[in-house]
Amino acid sequence: MTKFNTLLVRGGDVHDNNTGAVNVPVYNSSTYRYPKLGQQVEYDYERSGNPTRALVEMVCVELEKGDRGFAFSSGMAAIHAALSIFKPGDHIVIGDNIYGGTFRLVNDFLKPMGIEFSEVDTRDLNAVKAAITPSTKAIYFETLTNPLLHVSSVKQISKIAKAHGALTIVDNTFLSPYLQQPLDLGADMVVHSATKYLGGHSDIMAGMVVTKGKELGEKVYLTQNSIGAVLAPQEASTLRRGIQTLNLRMDRHLENTNKVIDYLRANPKVAKINYPTLDQDSEAYAIIKDETNGAGGVLSFELQPGLDSREFVNNLSLFVLAVSLGAAESLVEVPAFMSHFEIPKPERLKMGIKDELIRLSIGLEDADDLIADLDAAFSKI
Ligand SMILES: *Cc1c(COP(=O)(O)O)cnc(C)c1O
């Protein structure tokens with residue numbers, strides 16, 4: 001069987017390649033000719049299918065070891081499609097620390113439609129079990145959460161879900177299929193913000209759903225084709241190019257992340273670092289060891305009480321002050337004032353997100369330069 005790195009570079013199947021082009025062409029055609037009335041065609045209209053999009057979908061199916069893949073115009077469109085398979089009265093257990101946009105979709109769209117949700121700390125398997133009701137149809141979570149890097153076990157949660165006849169849906173944005181393949185560990189459906197590591201260059205917005213089994217694939221396709229938030233051909237081609245270097249990028253993300261962590265650990269102005277491999281006696285570490293090939297390129301840390309996170313990030317020059325993650329360039333953000341600003345402060349503090357918390361998405365630069373940038377900013381606070 002073809003191995004992972006070969007699939008990254010050569011995966012998928014280039015259709016209709018009359019010219020011998022090595023890459024799948026960008027098929028900018030919204031409609032397709034029927035040779036004869038009544039004849040079956042593979043493509044007839046872009047919302048329903050496009051060869052450039054189909055290629056990147058197939059690549060993701062191979063990487064995630066699923067059966068069908070669906071590319072969307074954003075991660076949120078992908079998550080919407082994944083959750084659109086549920087009906088009023090269905091109950092879903094969701095992680096209590098999942099992506100903010102997913103919470104907005106749940107609270108402002110899906111709950112008013114009559115789908116029920118329970119928010120649970122999915123690290124706590126007893127809490128997951130306790131939240132399950134006879135109407136529970138799925139458990140939805142992220143292996144690593146943002147910005148505190150809490151770790152949940154796909155193996156153990158999917159076991160609980162299966163025992164209750166419920167599906168397991170994993171947002172695999174933070175790890176990417178290079179570091180974890182949730183379907184192999186028992187999940188039924190994987191979603192991605194391909195805007196992040198899969199695309200990898202902060203130049204496209206994209207989402208992906210990979211499903212296992214015939215029924216789930218048909219349901220998600222119905223939403224993709226009905227709602228129409230499909231990935232455009234040019235973006236699909238750019239996403240494909242990003243994916244080809246996922247292995248090289250993730251290796252460098254991991255290497256740089258470990259070097260930055262070593263620097264932060266030795267810095268007396270740092271009160272705490274959140275990254276799951278730091279405490280080797282922890283359950284989080286055991287899960288990372290058992291279920292992943294590494295904990296990725298995002299970490300967060302707290303400045304000592306009284307030090308000003310806003311002043312710190314304003315003193316950085318190489319780290320780009322921006323939300324998002326998984327890019328070639330290193331990014332920094334302050335959750336309390338940026339990504340998690342909408343959460344009222346008492347609730348935010350209860351979640352463990354202090355004003356002093358800073359999140360880094362480590363890029364592909366020279367680690368020495370990243371460390372020098374951090375060091376210069378620390379010296380000014
Ligand atoms: C960014 C992100 C999303 C949303 O994806 P978009 O591409 O921004 O729509 C969903 N889940 C996680 C974990 C993310 O980081």
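Whatever order the structure lists ligands and atoms in, that order sets their numbers, starting from 1. In this text, all values refer to a predicted model and were calculated from it rather than measured experimentally.
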Which class fits the ring pair Phe312 and Phe301: parallel under 30°, tilted 30 to 60°, perpendicular over 60°? perpendicular
Any salt bridge linking Lys345 with Asp355? Criterion: basic side-chain nitrogen under 4.0 Å from a carboxylate oxygen. yes
Any donor-acceptor N/O pair, Asp366 side chain to Asp368 backbone, under 3.5 Å: no
Considering the heavy atoms of Gly75, write down every atom of ligand 1 situated less than 4.0 Å from one of them. 5 (O), 6 (P), 7 (O), 9 (O)
Relative to ligand 1, is Ile98 under 4.0 angstrom through side chain, backbone, both or neither, heavy atoms considered? neither
Determine whether the side chains of Thr173 and His192 contain a donor N or O and an acceptor N or O closer than 3.5 Å. no
A student comparing Lys196, His192, Glu142 should find that the heavy atom closest to atom 2 (C) of ligand 1 comes from Lys196
Hey, which atoms in ligand 1 end up nearer than 4.0 Å to a heavy atom of Met76? 4 (C), 5 (O), 6 (P), 9 (O)
Distance under 4.0 Å to a non-hydrogen atom of Met205: what atoms of ligand 1 satisfy this? 7 (O), 8 (O)
Closer than 3.5 angstrom, by distance alone: can the side chain of Arg348 be matched with the main-chain N or O of Lys354 as a donor-acceptor pair? no
Identify the protein heavy atom lying closest to atom 7 (O) of ligand 1, giving its residue, its atom name and the separation to 0.1 Å. Thr195 OG1, 2.6 Å
Shortest heavy-atom approach to atom 13 (C) of ligand 1 - which of Leu144, Ile79, Asp171: Asp171
Thr102-ligand 1 polar pair, N/O distance under 3.5 Å: no
Side-chain donor-acceptor pair under 3.5 Å between Glu291 and Ser153, yes or no? yes
Between Thr245 (side chain only) and Leu248 (backbone N and O only), is there a donor and an acceptor less than 3.5 Å apart? no
Looking only at protein heavy atoms, which one is nearest to atom 10 (C) of ligand 1, and what is the separation? Tyr99 CD2, 3.4 Å
